[in-house]
Every structure is written in C-alpha cells, then in structure tokens.
Novice: 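Sharing a structure, written as structure tokens. Questions coming.
Ligands are counted one by one from 1 in listed order, and the atoms in each one are counted from 1 as well. Starting from 1, each residue takes its place in the sequence as its number.
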Amino acid sequence: MASQWLPINELASRVQAGELNAVDLVERSLKTIAEKQEYNAVIVTIETRARERAKTIDEKIVKGHKVGRLAGVPFIAKDNFLVYGADTTAASNILKGFIAPYQATAIEKLEAEGAICVAKANLDAFAHGSSTENSDFFTTKNPYDKTRVPGGSSGGSAAAVVLDLAAFALGTDTGGSIRQPASFSGCVGYKPTYGLVSRSGVVAMASSTDVIGPLTRDVSDAALVIEVMAARDGLDSTTIERSETDYAIDSVTDADNLKNKKIGIIKEYMGEGLSPGVKTQIENATVKLRRAGANITEISVPSIGMALAVYYIICPAELSSNLNRYDGQRFGYTYKESKDLDHSYSDSRGRGFGKEAKRRIMIGTHVLSSGYYDAYYKRAQTVRTKLINEFDAAFKQVDFLIGPVTPTTAFKIGANTNDPLQMYLADVMTVAPNLVGNPAISIPAGMSEGLPVGLQIMAPRRADRQLLILAKQAEELLP
Ligand code: GLN
C-alpha cells in the first residue's frame, strides 16, 4: 500500500529544514486516525499533548535550536506503554481510568529526539493473545480484510502502520506479539535482543521474555527507531550494553555482502502444519536469497517443537506474579459495592480481569504451586536451557536462521475464540527467540490469496545490527 509518510529520517530532515511543520504532521496523523476509526486500531488519542509538543518543536526550529533525529515524527504506542498524562489500560477493564504518572524509558528516548506520540494502540488485554480479540474493548480489523484479525497482541500497532495512521508504531513481543501481527498485517516487526531496550514503564507480561520493538514500513525505519531506543537503563537492571556502532544501517561494508553470509532454513518450521500458501512464499524468498549469493542450508533445531509448551508454562507463571499488583486498590478500576476489603480485592479482580487473564493466572499459579513446580515449571526451564544450547549450536554453523513467522495467514475474526489451544498455535514459530533471548524480525514476503505473508529472520543474541542489515538486503529482493 502506498504511504502518505516519507521514510522516518527524511521526514525528520524536512522538519529540521523547515520544509515540513511538526504541527501539520500531527494534524495529518490525527485526521487519518479519525478517518479510519472503523478499523479499531486505536484506543485513545493524545491530542493536546501531541499538539503542544509539535508546536514547541516548530518554534525551536524557527529559533535555530536543535530538535533531534526524529523531529516532528508522529508515532503510536501500544497501550501497554506508559505515556505521561495519558490513559494507559493495556486494553484491560481493570486499568480503566489509570493515567500514567510517569512514562516509559522508550518513550522518553523517542521524545528526546523529537518524536511525538499521538495515540495508544489496541492490543489483547495485557498482551495476552494473538489476534486482539482478547482486548476488553474491541477487536482491531485486518487492513487487508476487515473480516480477519490483524494478529496480536500488537495488532493495533501493526494495523496502525499499514493503515498509515502514523509514521511508525511501538509494540511489545513476549512470545511473538510484534512479529506475528506484522506478518498478518503486512509490515516490518522487529523484536530486538532481550535487554537491548529498557522495559521500564511498560506493563509487564512475562519479565524474562518481554521486549520492546518497532513496527514500521521498512527495515531502515525499524533500525532508526531501535538506534534511538537502545541503551542501558538504571530503571531496568536487565538492560544490556548497546553496540557502539549505529544500529541505523546507513553504511554497509563488504563483510555484510550476502555472498559472505550463511543462512539456515529451520527444518522443523517447514513441515507439517504449514499452509501451502505460506510455504510457497518462504520457498520463493529462499530462492531469491540464494540467487543473490547467500549460502543457504537446512538446519535442525531439534527441541524447537517444544518451545510452545515451554512458553505456555513459563509465561503464565511469570505473568501470574506480575498481575498480582492489580488488586483494585492502587491502579484503575475498583468495585465500589464490596462489603469489606477482602471482597473488594476479589470483586475488583473478578470483574476487572478478562477471561484470558484469569485463565493464565490459574495456569501460572498451578505450575508454580509446590505440588506441581517440579513437574511443570522446573522441567520447562530445563527444556528452555536445552533450546538455548541448540540455538547456540545452530549459530555456530550459520549466521542467520530463517523461516515463516506463522503457519497460516490472518484468520477470520472469531475462528479461534472458543479454542484457546488453537489460538496458542498461532505462536508456534515465534516463541523460541523469546525463550532464547535472540533478536528476530518479520518482513513482508509477498501475499497468499490477498493476505500478507511474513518472512522471519533470526540472529544470535546481540547481533541486532547484522540482523537489520540482512533484513534490509532481503527486503530489497522480496515482493
Ligand atoms: N501470542 C502470545 C501469547 O498470547 C504472545 C503474546 C506476546 O508476545 N505478548 O502469549
């Protein structure tokens, strides 16, 4: 789809040069959000603050002051990011009425370079889901087919990018929630190495796999956004030292040439369960990369088939603890008719949490309970370690791994809502990098029956720059 937004660096350069006004860009974004409301991509706009920030930037430019690398660029954050003064619900009823008293480090970093957050995007409540159907408010529609889901949980962010609502969007990826909606909706979705971007000020899901990343129109945009956000942060002790080289991939050396790259296609992802339409596009992409000189072999990651089961033990375990803080007393919603404090907790949680959050709290507390801890949680952690070792072994043989992002293209709204296990299968090809912590990206790789298909590329932990370079090269070869 043709876009009304220039690439982010060009957009910012024109604002810096006074050829475009930040105020106009914000208005353009807000107008498009209003025009495309029927897609339900956005929960709330942040109009007053966005307009004020835009005005300040334009004034600074007139005065010749410095405005930053993302000057005037409007973006949309998934509604699990705290943005100063804005409603933050994570699409859950239990957070209704909560106004962020501070903001996420990621937002701080973007704002420090002049970017402007104009709205908060829809998601599956607390990021639990693969379709945005678990949002307590409404389901976002796929930009290519309104009867289908945009993917999830960052479905609102993915749809926002494809519908052109802003120049880019932010998402979170705990088990695939950036890459899967990017694949379903037809944009770039990038999950960086665990710890590269601070999680401070983002509603926690599973703390050992949560990462923050961009959803964008192309790989260069994603690289620039990550360049701005990546940093050690005293507010998140799991953050890592960033590379000294710029992640924005303007200069590429000979060593980056495709002819010097070894790529492994993940054998286990190409077999049973993969729809023919997706398979064809992944095979086409492989042919193109090979013709361009890449050395492509098949690689087996034997335990990868267990990643989904491991994820659906570890993730609920962690989130059951993280959701403990929503007790109806401190943030957002409180049930007012309870007879005493004990009931106030249970009534508020009972009414405030949706079905999926409750299901996961129950699974999580069960696998952590003394009678079942060894059988489930401990075993899952053992298999997780095995998986990490297998990925390390695979990356000794090849520089990158590739495969599909999802087994199918976007499914119909309602198709999986009565069968949570079927819904969980949408993540079967995305959860492994979250458990391992390595970076992975989804880039558009053509269409199947009118719906987008994504190609997934993975790299070793901390090889984010190399991953982005390869993704950019692949992007140029693909439809
Ligand atoms: N779809 C996965 C889940 O429901 C992943 C969610 C995510 O990455 N936030 O757990």
Novice: Using a cut-off of under 3.5 Å, which N/O atoms of ligand 1 pair up with protein N/O atoms, and what distance separates each pair?
Specialist:
from: ligand 1; atom 1: 1 (N); to: Gly129; atom 2: O; distance (Å): 2.8
from: ligand 1; atom 1: 1 (N); to: Ser130; atom 2: OG; distance (Å): 3.0
from: ligand 1; atom 1: 1 (N); to: Asp427; atom 2: OD1; distance (Å): 3.0
from: ligand 1; atom 1: 1 (N); to: Asp427; atom 2: OD2; distance (Å): 2.9
from: ligand 1; atom 1: 4 (O); to: Gly129; atom 2: N; distance (Å): 2.8
from: ligand 1; atom 1: 4 (O); to: Tyr312; atom 2: OH; distance (Å): 3.2
from: ligand 1; atom 1: 4 (O); to: Arg360; atom 2: NH1; distance (Å): 3.4
from: ligand 1; atom 1: 4 (O); to: Arg360; atom 2: NH2; distance (Å): 2.8
from: ligand 1; atom 1: 8 (O); to: Thr174; atom 2: N; distance (Å): 2.7
from: ligand 1; atom 1: 8 (O); to: Gly175; atom 2: N; distance (Å): 2.6
from: ligand 1; atom 1: 8 (O); to: Gly176; atom 2: N; distance (Å): 3.3
from: ligand 1; atom 1: 8 (O); to: Ser177; atom 2: N; distance (Å): 3.0
from: ligand 1; atom 1: 8 (O); to: Ser177; atom 2: OG; distance (Å): 2.7
from: ligand 1; atom 1: 9 (N); to: Ala127; atom 2: O; distance (Å): 2.9
from: ligand 1; atom 1: 9 (N); to: Ser153; atom 2: OG; distance (Å): 3.4
from: ligand 1; atom 1: 9 (N); to: Ser177; atom 2: OG; distance (Å): 2.8
from: ligand 1; atom 1: 10 (O); to: Tyr311; atom 2: OH; distance (Å): 2.6
from: ligand 1; atom 1: 10 (O); to: Tyr312; atom 2: OH; distance (Å): 3.3
from: ligand 1; atom 1: 10 (O); to: Arg360; atom 2: NH1; distance (Å): 2.8

Novice: With the threshold set at 4.0 Å, does a side-chain nitrogen-carboxylate oxygen contact exist between Lys120 and Asp87?
Specialist: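 A salt bridge is absent here (no side-chain N lies under 4.0 Å from a carboxylate O).
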Novice: Are Lys78 and Asp210 close enough for a salt bridge, meaning some N to O gap below 4.0 Å?
Specialist: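 Result for this pair is no, no salt bridge flagged.
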Novice: Identify, with sequence neighbours excluded, every residue that meets ring pair (Phe, Tyr, Trp, His ring centres under 6.0 Å) alongside Tyr424.
Specialist: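 Ring pair (Phe, Tyr, Trp, His ring centres under 6.0 Å) list for Tyr424, sorted by chain: Tyr312.
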Novice: Between Lys472 and Asp218, does any NZ, NE, NH1 or NH2 come within less than 4.0 Å of an OD or OE carboxylate oxygen?
Specialist: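 Salt bridge absent between Asp218 and Lys472.
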Novice: In terms of ring plane angle, is the pair Phe75 and Phe168 parallel, tilted or perpendicular, where the classes change at 30° and 60°?
Specialist: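 Ring orientation of Phe75 relative to Phe168: parallel.
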Novice: Before accepting this row, confirm whether a basic side-chain N of the pair Lys261/Asp399 lies closer than 4.0 Å to the acidic partner's carboxylate O.
Specialist: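 Between Asp399 and Lys261 there is no salt bridge, as every charged N stays at least 4.0 Å from the carboxylate O atoms.
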